[in-house]
Amino acid sequence: MALRDDARDGDEFTISDAKVGPDGKVHALATYRITGTQAVEGKNLLKFEMHRDGVITNTDVMTVDEHGIVCAARVDQYGELTKLDPALTMIAAAAQSRSELGIQRQARDSIEHQHYDVVGEEDVDLPAGKFHAFHIHGEQTAPVRMTIDRWFVNDVGIVKDVTETRMPDGDLLRRISLELKEKPKIAPRPEVKSVQPQKKLSATVGKAPMGEGSDKFEADAPKIYARWQGHNLRDKAKIRAVWIAENIGDVAPPNYTIDEADTTANGRESHGTFTLSKPEEGWAPGNYRVEFYLDDELVETVKLKITK
């Protein structure tokens with residue numbers, strides 16, 4: 001039995017209190033609004049907030065002028081600002097069919113490669129009504145593979161947005177679709193909940209490298225995956241997982257350390273998986289835990305039980 005690690009860079013996406021609908025998809029209401037300004041390098045830029053579940057999940061800090069809509073920085077839900085270098089042109093003022101835009105941008109500690117095309121004009125039927133829109137298609141090749149499709153309407157804005165993120169092998173990782181529910185209007189700012197400080201490392205165990213976690217496994221489970229997600233980690237942070245048998249009867253003494261492994265985070269939002277392979281004779285039934293250390297400090301403990 002051995003711990004093997006698989007570390008990757010990337011972002012984690014979650015919706016608090018999310019429920020899956022009858023169509024197998026997660027539905028949530030998101031509100032976008034312009035709320036004041038924020039200074040970036042001595043310039044006062046507009047704050048474009050996204051509200052969901054009473055939380056400001058992210059804020060684009062941008063300009064709207066004769067050049068179009070340009071995002072210079074982003075603020076996450078914990079208040080951390082990341083400058084975009086160069087700034088991201090979200091919508092060019094002179095949008096027309098077949099226009100193109102290529103981007104190589106430094107964002108935090110990774111380089112993004114994106115390419116956008118205005119592929120044509122289309123009619124879209126949305127909850128907010130019918131619109132004649134420019135269809136903008138974007139592709140990102142690094143640091144993760146993404147496609148971004150946006151439908152933009154003059155004097156209204158972006159009315160539809162579909163973003164797909166894919167694994168290195170091309171399999172779909174997640175798909176986020178946003179559709180305009182009602183036309184823009186002046187309204188009071190929604191009430192905002194306070195957000196607890198983010199943990200540097202969160203962890204789960206599961207029966208697959210990704211997906212739903214579990215705290216119960218059968219003795220013949222071929223592998224157990226200890227998954228971790230970093231949040232605003234320092235450069236080259238060390239992640240270590242320790243596999244411990246708390247109580248497995250006469251097979252081993254209490255709190256026996258079975259194995260451990262470590263890896264180095266390559267980015268501030270790195271995530272990865274330590275793989276626990278089944279012994280030839282199968283797992284010994286009992287109680288176990290996996291301890292996760294960040295730079296030699298215990299930051300997370302996940303408990304599990306193996307049954308016959």
Side-chain angles (χ1 to χ4, degrees), residues 11-18 25-40 43-65 67-84 87-93 95 101 103 105 107 112 114 116 118 122 124-138 140 146-165 174-195:
D11 295 321
E12 180 183 46
F13 175 76
T14 59
I15 298 178
S16 61
D17 302 322
K25 301 177 182 178
V26 175
H27 296 265
L29 180 65
T31 300
Y32 287 88
R33 61 177 286 112
I34 298 288
T35 305
T37 62
Q38 180 161 342
V40 178
K43 297 180 180 179
N44 287 326
L45 308 182
L46 294 172
K47 293 169 60 179
F48 188 50
E49 298 175 340
M50 179 180 183
H51 294 245
R52 188 175 59 226
D53 297 331
V55 173
I56 302 173
T57 58
N58 60 274
T59 302
D60 287 343
V61 185
M62 61 190 192
T63 59
V64 180
D65 54 25
H67 302 295
I69 303 173
V70 180
C71 181
R74 286 191 168 132
V75 183
D76 66 17
Q77 64 180 332
Y78 304 101
E80 182 178 355
L81 183 142
T82 300
K83 297 176 185 177
L84 304 183
L88 170 62
T89 300
M90 301 177 72
I91 301 293
L101 175 66
I103 299 171
R105 181 176 62 253
E112 296 179 354
Q114 296 179 344
Y116 288 88
V118 180
E122 299 175 3
V124 289
D125 191 357
L126 306 171
K130 295 182 179 180
F131 300 91
H132 187 72
F134 289 103
H135 179 186
I136 303 166
H137 176 74
Q140 175 175 294
M146 294 175 60
T147 59
I148 306 103
D149 286 276
R150 295 180 177 134
W151 286 261
F152 176 80
V153 178
N154 287 327
D155 299 322
V156 177
I158 297 172
V159 297
K160 183 177 179 181
D161 187 300
V162 178
T163 302
E164 292 186 349
T165 305
R174 66 171 179 249
R175 185 178 191 271
I176 303 172
S177 177
L178 300 171
E179 294 185 347
L180 188 66
K181 184 178 180 181
E182 58 184 43
K183 293 182 179 180
K185 62 183 180 182
I186 297 175
R189 188 174 189 243
E191 184 178 349
V192 177
K193 301 175 184 177
S194 60
V195 178

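Note: hydrogens, waters and symmetry copies are ignored here, and every other heavy atom, side chains too, is used.
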Kindly compute the distance separating [atom1] ([X]) from [atom2] ([Y]), expressed to the nearest 0.5 Å.
X: Asp60; Y: Leu84; atom1: CG; atom2: CG; value: 8.0 Å
X: Asn154; Y: His132; atom1: CG; atom2: NE2; value: 9.5 Å
X: Asp76; Y: Thr59; atom1: CG; atom2: OG1; value: 9.0 Å
X: Leu46; Y: Cys71; atom1: CG; atom2: SG; value: 11.0 Å
X: Phe48; Y: Met62; atom1: CZ; atom2: CE; value: 5.0 Å
X: Leu88; Y: Ile69; atom1: CG; atom2: CD1; value: 11.0 Å

Side chain proximity check, [X] to [Y], heavy atoms < 4.5 angstrom:
X: Gln38; Y: Leu45; value: no
X: Pro184; Y: Arg33; value: no
X: Ile136; Y: Val118; value: yes
X: Trp151; Y: Val153; value: no
X: Val75; Y: Glu49; value: no
X: Pro127; Y: Glu182; value: no
X: Ile56; Y: Arg189; value: yes
X: Lys183; Y: Phe131; value: yes

Please table the atom pairs, donor to acceptor, closer than 3.5 Å between any side-chain atom in residues 155-164 and protein atoms at least two apart or in another chain.
residue: Asp161; atom: OD1; partner: Thr163; partner atom: OG1; Å: 3.1
residue: Asp161; atom: OD2; partner: Arg150; partner atom: NE; Å: 3.0
residue: Glu164; atom: OE1; partner: Arg166; partner atom: NH2; Å: 3.2
residue: Glu164; atom: OE2; partner: Arg175; partner atom: NE; Å: 3.0

Taking all heavy atoms of Ala87 and all of Ala72, pick out the closest pair and write down the distance.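 Nearest pair, atom of Ala87 first, then Ala72: CB-CA, 4.0 Å.
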
Distance-minimising heavy-atom pair for Leu29 and Arg52: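 So the two residues come closest at O-CG, 3.7 Å.
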
Ignoring hydrogens and angles, tell me if any N or O in the side chain of Asp53 forms a donor-acceptor pair with the backbone of Val55 under 3.5 Å.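 No: the side chain of Asp53 does not pair with the backbone of Val55.
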
Do Thr57 and Gln77 get their side chains close enough for a donor-acceptor pair, meaning under 3.5 Å?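 No donor-acceptor contact under 3.5 Å links the two side chains.
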
What do the steps show when you test Ile34 against Lys47 for side chain to side chain contact (heavy atoms under 4.5 Å, CB included), and what is the final call? CA-CA 6 Å; Ile34 298 288; Lys47 293 169 60 179; over 6 Å; no

